[in-house]
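Reading through the structure tokens given below for one structure.
Below, chains carry the letters A, B, ... as their sequence lines are ordered, and counting in each starts from 1.
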Amino acid sequence: MSRPTPADIEAMSHDLLKARADRVPIPAFTDRFPDMTAEDAYAVQQGLVAGLMTEDESIIGYKLGLTSRPMQQMLGVDQPDYAPVLGSTVYADGADVRMDDFIDPKMEAEICVVLGSELSGPRCTVAEAWEATSGLMAALEIVDSRIADWKIKLADTIADLASNGAVAFGSRVVPLGDYDPALLGMVFTANGDLVATGAGAAALGGPIDAVAWLANTLHPLGVTLPAGSIIMTGALHAAVPLQRNAVWRAEFDRLGPITLRTV
Amino acid sequence: MTTIPAQEASCRLINAMHTRTATTALTGDYGDFDVATAYDLQALVVADRVAQGHQVVGAKLGLTSEAKQKQMNVSESAYGWLTNDMRIEPGAPLETTQFIQPRVEAEIAFLLGDDLEGADVGAADVLAATAAVMPAIDVLDSRYAGYSFTLPDVVADNSSSAGFITGSQLVDPLGIDLRLLGVVLEVNGQVVATAAGAAVLGHPASSVAWLVRALARRGEGLTAGMTVLSGACTAAFAVQPGDCVVARVARLGTVEVTCR
């Protein structure tokens, strides 16, 4: 049988919890279950999140993954994926990031959308998403894979919290206005050396489009995005593998900089 | 390094351009030659265009981003000269049959208000001499089959200069950080690449300053009224008849062209 049973799904959530706790990666689920669907994978993700929701944990929003065409082509999909972002994974701007807290971390610069009012599908338009947005923040995401060597297929990364590791936000929320978020430029440096550049359009054509996609995708699950949610809208460049003892900085037009240091 | 028969070598490129038939890399037939020699060959190629009745109206930088240098397997920037016949006016089509193997790139262009020359020109000098900046589409066309060349080859080929389209909105660069401007290239409505101005040697004005310093070594410079394409932020994309190419740059506007 190449699709997992409910018992298999429960076991996978458990395996991911253990891999996160021990920082020891596990083999790809799709090796064992080649026909594992996205639906199966989100069920694993749900079990994983339930296991992570201790008393002082919270869901502060969502992250989108696989938002760029090259990434989608690499995994043979035409849709992004998503996962909740947990309150315990937020770093302050300028914070030190312990490499030992991750397995095989990489970094992505993204635009983070802050919702000022509740938003839900099923037919959420970009205009409605724009209305519900209170502003944008410069953001960094640390992606990490609990699947060994990042040898992931779509179902593996969905199950594994969409490969989310941690997030960090710039120090201000900049309101939307007379500018196009798709054209916000971003310059990513490591120890001052230029590593990558990009613009908002790289993720699903623009950050607000990404928010509308998420609201519509969550609707069949009965999930509404509450006011105050943060939405990590997807990388503007190819993920950069992290090294110890370096300063990682993304500077955005209008939104300002966000910096983390690895130790 | 070998001595290259300059007339013969440049004639190969000139003929390739006139007949729209690709040739093979000069270094393949004549052996490796240095970049200074390559610029001598480029001067002969440009002199032919002037002899044909065209005027030099600007310059372009090539191989200014890491992405581009990687794609072409070189480690240094290059420049070429733009002549008036390369300019595609707003609304006019890109006639693919006039080229061998056209590719497009999104760039930031500078329109110079003052002459600009000197061995120690920096980014600030470039900005001070700039009348306006514009979004631009650079149309490349290597005269070498399959874009297969080394740095001296591409320099001799006028850095693949073939065509350019600039946005019709002239924007004063004062008060704008060109480094952080988002650049988006779309083909047929699909985003094919994004970048920020910094992709070009850290800052588009730094890229132009590099050009001015390189020209100074040959006793040359840029003059007021010239258009300078500061270099591609992203890899280049091949175009086909029917393609609609749009370059969008934050604060500077949009430039587009349809291929025929």
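- Residue Tyr179(A): no heavy atom, backbone or side chain, is found under 4.5 Å from chain B.
- Using cut-offs of 30° and 60° on the angle between ring planes, the pair Tyr91(A) and Phe102(A) is tilted.
- Proximity to chain A (any heavy atom under 4.5 Å) is shown, for Arg179(B), by both the backbone and the side chain.
- Only the backbone of Leu184(A) comes within less than 4.5 Å of a heavy atom in chain B; its side chain stays farther off.
- Proximity to chain A is limited to the backbone of Val249(B), based on heavy atoms less than 4.5 angstrom apart.
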Should Leu112(B) and Thr130(B) be marked as a side-chain contact (heavy atoms from CB on, under 4.5 Å) after you check the CA-CA gap, both sets of side-chain angles, and the distance that decides it? CA-CA 4 Å; Leu112(B) 296 184; Thr130(B) 298; 4.2 Å; yes
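- Remark: side-chain polar atoms of Glu128(A) are not paired, donor with acceptor, to backbone N or O of Leu119(A) under 3.5 angstrom.
- By number of non-hydrogen pairs under 4.5 angstrom with chain B, the leading residue of Leu194(A), Val187(A), Leu183(A) is Leu183(A).
- For Lys106(A) and Glu108(A), the salt-bridge test fails: no basic side-chain N is under 4.0 Å from an acidic carboxylate O.
- Neither the backbone nor the side chain of Glu186(B) has a heavy atom closer than 4.5 Å to any heavy atom of chain A.
- In this structure, Arg218(B) is not positioned above the aromatic face of Tyr39(B) in the sense of NZ or CZ being under 6.0 Å from the six-membered ring centre and within 45° of the axis.
- Of the listed residues (Asp177(B), Leu181(B), Val183(B)), the one with the most heavy-atom contacts under 4.5 Å to chain A is Leu181(B).
- Taking the six-membered ring for Trp and thresholds of 30 and 60 degrees, Tyr79(B) and Trp81(B) have ring planes more than 60 degrees apart, a perpendicular arrangement.
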